[in-house]
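All values below were derived from every heavy atom in this structure, side-chain atoms included, with hydrogens, water molecules and symmetry-related copies excluded.
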Amino acid sequence: GKSNTTNSTELVYGYVSCAVSAVFFGSNFVPVKKFDTGDGMFFQWVLCAAIWLVSLGVNILLQSPTFWPLAMLGGAIWATGNITVVPILKTIGLGLGILIWGSFNLLMGWASSRFGWFGIDPEEVANPVLNYCGAGLCLLSAIIFFFVKSDVQRSSSSEETPLLLESRINSEGTGSSDDSWVDRLSPQRKRMIGCGLAVVAGLLYGSSFVPVLYIKSRAGRPGSRYTKASRFDLDYVFAQFSGIFLTSTVYFLVYCAAMRNKPKVYPRAILPGFVSGVMWAIANCCWFLANNYLSAAISFPIITAVPGLIAAVWGVLVFREVKGLRNYLVLVLAFLIVVAGSLCAAFSKE
């Protein structure tokens, strides 16, 4: 019947959105790989400016839906997590970093939408067992990635530095231009701080959707402040991304003040940072669409697990970070588990 075809169309839209989102999330640090980003404060500001501009375009396309300030909180939470990215990449590297923050992002986002934490409506899925298996497998794949990447970290030649980890030799002329507080830590402290920051980043990333889901779950309830709120996720993009840019700017200004008005600005990071931000913003808009067509309990495990895989593919094929048969086998195993987990999550809707 008619409802059946609209249903399958929605599913197609949902899974296409998931795919685009995962590819862009997995590749959005690629433009930045060859450039020095210093302590990352300037970089994250450029990134967030690009993100905000994309949302401005979306807002114009959607003819300026109602702006709910609460949705900005989600952006503020995300931007706070985002500050930790460059220190994480410098302390424990991209492989372990994406693994840890991806896992906690997955668990946080999946659990809050599945069980209805923070006052959002719990999402019922048709097949809870499959849904739990999906989330579990995605988490397992993340743990397996850990064993792939650890070999890379030891190499110090500039060609093999993992994404975003630029060796100091490359920085223009001077030897210590990229010396930030991170580089002065002992290896044990580095690992401890890096893992800790990655857990925090994951929890923050995972809860950045909560305000939007909260407003949506209040929409249409009589007597609620959000009775007239939209049920279409993209309507919240502009508010959320405005929150990202606002928060990022505040952090950048605080950083400039803390550096006594001598912030470390990396001109070569501007264009790559901008491209990276646009890719991230498109990925996140597709994620909003996926949430809309599929529901967060399904899109979350897929969109948080698959990008780690895609980043690993970049690492193998383009940047040659991963070498050796054992590493390839482990990678393939992790790949299969991600696919299985994502499929379980996807089919739990039926």
Side-chain angles (χ1 to χ4, degrees), residues 16-35 37 40-59 61 71-72 74-89 94 97-98 101-102 105-106 109 162-164 198 201-202 204-209 212 233-234 236-249 251-252 266 269-291 296 299-300 302-315:
V16 168
S17 302
C18 274
V20 172
S21 184
V23 169
F24 275 36
F25 275 132
S27 323
N28 82 315
F29 283 131
V30 172
V32 199
K33 177 172 163 66
K34 294 275 183 238
F35 301 98
T37 52
M41 290 304 287
F42 175 66
F43 167 72
Q44 63 96 27
W45 192 51
V46 174
L47 182 92
C48 293
I51 288 172
W52 183 77
L53 280 174
V54 171
S55 76
L56 182 61
V58 171
N59 191 53
L61 281 177
M72 291 175 75
I77 292 169
W78 184 88
T80 307
N82 192 48
I83 287 188
T84 62
V85 168
V86 172
I88 289 169
L89 298 180
L94 186 82
I98 278 195
W101 88 54
N105 182 353
L106 185 152
L163 249 43
L164 257 185
L204 288 167
Y205 282 166
S207 36
S208 66
F209 273 120
V212 170
D233 296 68
L234 264 190
Y236 300 100
V237 163
F238 185 57
Q240 176 154 2
F241 289 12
S242 296
I244 289 178
F245 187 48
L246 177 68
T247 311
S248 158
T249 304
Y251 288 142
F252 186 58
Y266 295 83
I270 296 176
L271 271 179
F274 204 86
V275 172
S276 180
V278 169
M279 287 172 74
W280 185 89
I282 292 172
N284 216 43
C285 288
C286 287
W287 193 348
F288 272 79
L289 284 173
N291 282 352
S299 61
F300 233 104
I302 300 175
I303 295 178
T304 45
V306 181
L309 180 87
I310 290 167
V313 171
W314 277 103

Which of parallel (below 30°), tilted (30 to 60°) and perpendicular (above 60°) describes W287 and F25? perpendicular
Set of residues satisfying side chain to side chain donor-acceptor pair (under 3.5 Å) with respect to [X], sequence neighbours excluded:
X    : answer
Q44  : S248
Y205 : N82
T247 : none
N284 : none

Over all atoms of both residues, closest heavy-atom pair of [X] and [Y]:
X    : Y    : result
C48  : I244 : SG-CG2, 3.6 Å
C286 : S21  : CB-CB, 3.8 Å
F43  : G273 : CE1-CA, 3.6 Å
V23  : S27  : O-OG, 2.6 Å

Who are the side-chain contact (heavy atoms from CB on, under 4.5 Å) partners of L204, not counting sequence neighbours? I77, T80, V200
Examine distances only and state if a side-chain atom of T249 and a backbone atom of F245 form a donor-acceptor pair shorter than 3.5 Å. yes
Please round to the nearest 0.5 Å and tell me the distance separating atom CH2 of W45 and atom CD1 of I270. 9.5 Å
So CZ of F42 and CG of L47: to nearest 0.5 Å the spacing works out to 11.5 Å
Check whether any side-chain heavy atom of C285 sits under 4.5 Å from a side-chain heavy atom of F24, and report yes or no. no
Under 3.5 Å donor-acceptor pairs involving side-chain atoms of residues 50-58, not counting sequence neighbours:
unit_1 : atom_1 : unit_2 : atom_2 : d
W52    : NE1    : S242   : OG     : 3.1
S55    : OG     : W52    : O      : 2.7

Got a sec, which residues hit ring-ring contact (aromatic ring centres under 6.0 Å, His included) with Y251, two or more places apart in sequence or on another chain? none
Would you mind telling me which of N291, I303, L289 makes a side chain to side chain contact (heavy atoms under 4.5 Å, CB included) with S17? L289
State which residue, out of Y236, F238, F209, fulfils the ring-ring contact (aromatic ring centres under 6.0 Å, His included) condition with F288. F209
